[in-house]
Protein chains: 2
Amino acid sequence: MQPSQTAYVILGMLSIHPNQSGYHIRKTIECTVNYFWSESYGQIYPTLKRLAAQGLIVACPSAFPGARQRREYSLTAAGQACLQEWLAQPYRDHPPRDEFLLKLFFGGEVPPSVSIGHIRDFREKNRRLLATLLELETLAHGHNSQHPQFQFWMLTLSFGLAQIRSALEWSESALAMLSARSD
Amino acid sequence: MQPSQTAYVILGMLSIHPNQSGYHIRKTIECTVNYFWSESYGQIYPTLKRLAAQGLIVACPSAFPGARQRREYSLTAAGQACLQEWLAQPYRDHPPRDEFLLKLFFGGEVPPSVSIGHIRDFREKNRRLLATLLELETLAHGHNSQHPQFQFWMLTLSFGLAQIRSALEWSESALAMLSARSD
DNA sequence: ACACACATGTAATTGGTTACATGATTTC
DNA sequence: GAAATCATGTAACCAATTACATGTGTGT
């Protein structure tokens, strides 16, 4: 049985930061790749068990004696190899599903104010996301610029920033276009 | 039981173009919203049955006597209302999962050539998509520019084009950055 | 004492893809 | 008459979310 995508995020996160618990892995995901990836506990914990059973990760006793009760995991050599093998495979993109664009596409069925509202929501979400990513950028520069993976983190980050900025520009022109029509 | 997203695409597609069969609906989706939405027959046919049972659509006899055996559907008043109600609700975005970015994020675990390959794939896919959308744009202008929904189609299309162009620009700078490092 | 964050897990359900199965009609 | 496309559907499976359930340690 081949690992799921969830398995690979876990392997990847353990490769750049060993000795993480399920809880910790989720937090790491949340504050690093959250703008293009997310995981729920309902996926993480069962996957950790399966990976351990397959020998791709091992539970290791916590290094800090006073720590809470938790299971910390690290990659095995097999796990590292498995991750690298997956990384070398061509990526697959799942079919897209964007409810925002779908509602906008059918915008002719409802008053223009509805679509204008959706676009304003969209713009607001992107503004917030932009702020988050900019924060992440300064944080990353301060703490991790020596890490060997640093340039790749910057690459994904700059992609996110480019997409968001393009989305914000589009939002403005779209709002201008719809407002001109409805007034 | 509330309709799924699939149900709403079907209602929407029937609202802009009545008397479509399941097969036809899928084709319509493929050549209009495919860059941000997709559906499989495995979803469409069961959903059509359910929508008909709920009275949101009706099967109508084919207008063309010589036509093949097929079930064509149209919106009922209830279906139209249901669609409009949904359109007026705030959109929800599902948690993102981008395998390309994930592999790039872990790029430090493998030789740079691997990530360069992924980015080249990504650029190639975006180039093809750009060509498709440009084709779609000219087609749409020629055939449908009188349709009341036209401006909304253009809005989603221009969004797609903006995102793709931004992705292509990023690809070039990313490749430049990685090539400089690896040579 | 209370609230909050830490921490782990299971069960139910949803939403969806893919593969399978079948057959009609058109076009070459 | 063969191949392609039109056309409809089911079954198996999978990936993932959400809600539920439970308990501990820390800070105020």
Side-chain angles (χ1 to χ4, degrees), chain A residues 1-10 13 19-31 33-34 36-53 57 59-73 86 92-99 102, chain B residues 1-10 13 19-31 33-34 36-53 57 59-73 86 92-99 102:
Chain A
M1 182 197 180
Q2 63 221 350
S4 65
Q5 287 181 312
T6 300
Y8 293 114
V9 204
I10 291 175
M13 286 304 171
N19 297 316
Q20 289 188 91
S21 66
Y23 187 84
H24 195 164
I25 289 170
R26 208 215 169 179
K27 290 293 159 194
T28 305
I29 289 171
E30 246 177 23
C31 67
V33 296
N34 202 236
F36 64 83
W37 203 274
S38 67
E39 288 292 343
S40 60
Y41 291 127
Q43 280 282 98
I44 289 174
Y45 286 112
T47 305
L48 281 171
K49 276 197 172 171
R50 228 187 53 220
L51 288 172
I57 59 176
C60 45
S62 178
F64 304 94
R68 288 154 181 270
Q69 55 160 100
R70 68 182 138 178
R71 243 159 296 252
E72 292 184 339
Y73 296 92
W86 176 74
R92 274 180 264 184
D93 30 23
H94 61 93
R97 291 206 143 200
D98 189 319
E99 195 177 297
L102 190 65
Chain B
M1 182 194 182
Q2 63 221 353
S4 65
Q5 286 181 313
T6 299
Y8 292 115
V9 206
I10 291 176
M13 287 303 171
N19 297 316
Q20 291 189 89
S21 65
Y23 187 82
H24 195 164
I25 289 170
R26 209 217 169 177
K27 290 292 160 197
T28 305
I29 290 171
E30 246 176 23
C31 66
V33 297
N34 201 236
F36 64 81
W37 202 274
S38 67
E39 287 293 343
S40 60
Y41 291 127
Q43 279 284 97
I44 288 175
Y45 286 111
T47 305
L48 280 171
K49 278 197 172 171
R50 227 187 54 218
L51 287 172
I57 61 177
C60 45
S62 178
F64 304 96
R68 288 151 181 270
Q69 56 160 101
R70 69 183 133 171
R71 242 159 298 254
E72 292 183 341
Y73 296 91
W86 175 75
R92 275 179 265 184
D93 32 22
H94 59 92
R97 289 206 147 200
D98 188 320
E99 195 177 296
L102 191 65

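Each chain gets a letter, A, B and so on, in the order its sequence line appears, and its residues count up from 1.
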From the list A/Gln5, A/Arg92, A/His94, side-chain hydrogen bond (donor to acceptor under 3.5 Å, both in side chains) with B/Glu99 holds only for A/Gln5
Quick one: which of C/dA7, C/dT17, D/dT8 gets closest to the side chain of B/Tyr23?
D/dT8
Contact class for B/Gly42 (heavy atom, under 4.0 Å): base, sugar-phosphate, or nothing?
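Since a base atom lies under 4.0 Å of B/Gly42, the category is base.
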C/dT17 OP1/OP2 closer than 4.0 Å to side-chain N/O of B/Ser40
yes
Side chain of B/Gln5 only, heavy atoms from C-beta on: which candidate in D/dA16, D/dG9, C/dG16 is closest?
C/dG16
Contact under 4.0 Å: A/Thr6 side-chain N or O vs D/dA16 OP1/OP2
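So the side chain of A/Thr6 is within the cut-off, an N or O lying under 4.0 Å from OP1 or OP2 of D/dA16.
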How bent is the helix from C/dA1-D/dT28 to C/dC28-D/dG1, measuring the angle between the end axes built from five pairs each, rounded to 10°?
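What I find for the helix from C/dA1-D/dT28 to C/dC28-D/dG1 is an axis angle of 30°.
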What distance separates A/Ser21 OG from A/Tyr45 OH, expressed to the nearest 0.5 Å?
6.0 Å
Integer-rounded Å distance: C/dT18 P and A/Arg92 CZ:
10 Å
To the nearest Å, how far apart are B/Leu48 CG and D/dT10 P?
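Going from B/Leu48 (CG) to D/dT10 (P), I get 12 Å.
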Between C/dG16 atom P and B/Arg26 atom CZ, what is the distance in whole Å?
14 Å
Would you verify whether the NZ or CZ of B/Arg26 falls within 45 degrees of the ring axis of B/Tyr41 while also being under 6.0 Å from that six-membered ring's centre?
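Relative to the ring axis of B/Tyr41, which defines the angle, B/Arg26 lies inside both limits.
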Residue-phosphate contact under 4.0 Å: A/Arg71 side-chain N/O, C/dG9 OP1/OP2
yes
Return whichever of B/Ser21 or B/Pro95 has its heavy-atom-nearest nucleotide of DNA chain D closer to the 5' end.
B/Ser21
Are OP1 or OP2 of C/dT10 and a side-chain N or O of A/Lys49 less than 4.0 angstrom apart?
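Indeed, a polar side-chain atom of A/Lys49 lies that close.
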Not counting sequence neighbours, which residues clear salt bridge (Lys or Arg N to Asp or Glu O under 4.0 Å) with B/Arg97? List them please.
A/Glu39
Of B/His24 and A/Gln43, whose nearest nucleotide on DNA chain D comes first from the 5' end?
B/His24
Proximity to the side chain of A/Arg97 - top-ranked nucleotide from D/dC6, C/dG16, D/dA7
C/dG16
Let me know the distance between NE2 of B/His94 and P of C/dT17, rounded to the nearest Å.
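Distance check: B/His94 NE2 to C/dT17 P gives 11 Å.
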For B/Leu51 and D/dG9, give me the distance from atom CG to atom C1', rounded to whole Å.
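For the pair B/Leu51 CG and D/dG9 C1', the rounded distance is 16 Å.
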Let me know the distance between CD of B/Glu72 and C1' of D/dC6, rounded to the nearest Å.
13 Å
Interatomic spacing from CD1 in A/Ile10 to CD1 in A/Ile57 - rounded to 0.5 Å:
6.5 Å
B/Tyr41 has its side chain closest, among C/dG16, C/dT10, D/dT8, to D/dT8
Working to the nearest 0.5 Å, report the span between OG of B/Ser38 and CD1 of B/Ile29.
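Between atom OG of B/Ser38 and atom CD1 of B/Ile29 there are 8.5 Å.
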Among D/dT17, C/dT10, D/dA7, find the nucleotide with the atom closest to the side chain of A/Pro46.
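Of the candidates, C/dT10 comes closest.
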Rounded to the nearest 0.5 Å, what separation is found between the CD1 atom of A/Ile25 and the CG atom of A/Leu48?
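Here the interatomic distance stands at 5.0 Å.
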note: B/Glu39, atom CD; C/dG15, atom C1'; distance rounded to Å ~ 10 Å
Within the 3.5 Å criterion, strictly below it, is a donor on A/Gln43 or A/Thr6 matched to an acceptor on the partner's side chain?
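The criterion, which ignores hydrogens and geometry beyond distance, is satisfied for A/Thr6 and A/Gln43.
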Using whole Å, what does the distance between atom P of nucleotide D/dT8 and atom CD1 of B/Ile10 come to?
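Distance check: B/Ile10 CD1 to D/dT8 P gives 12 Å.
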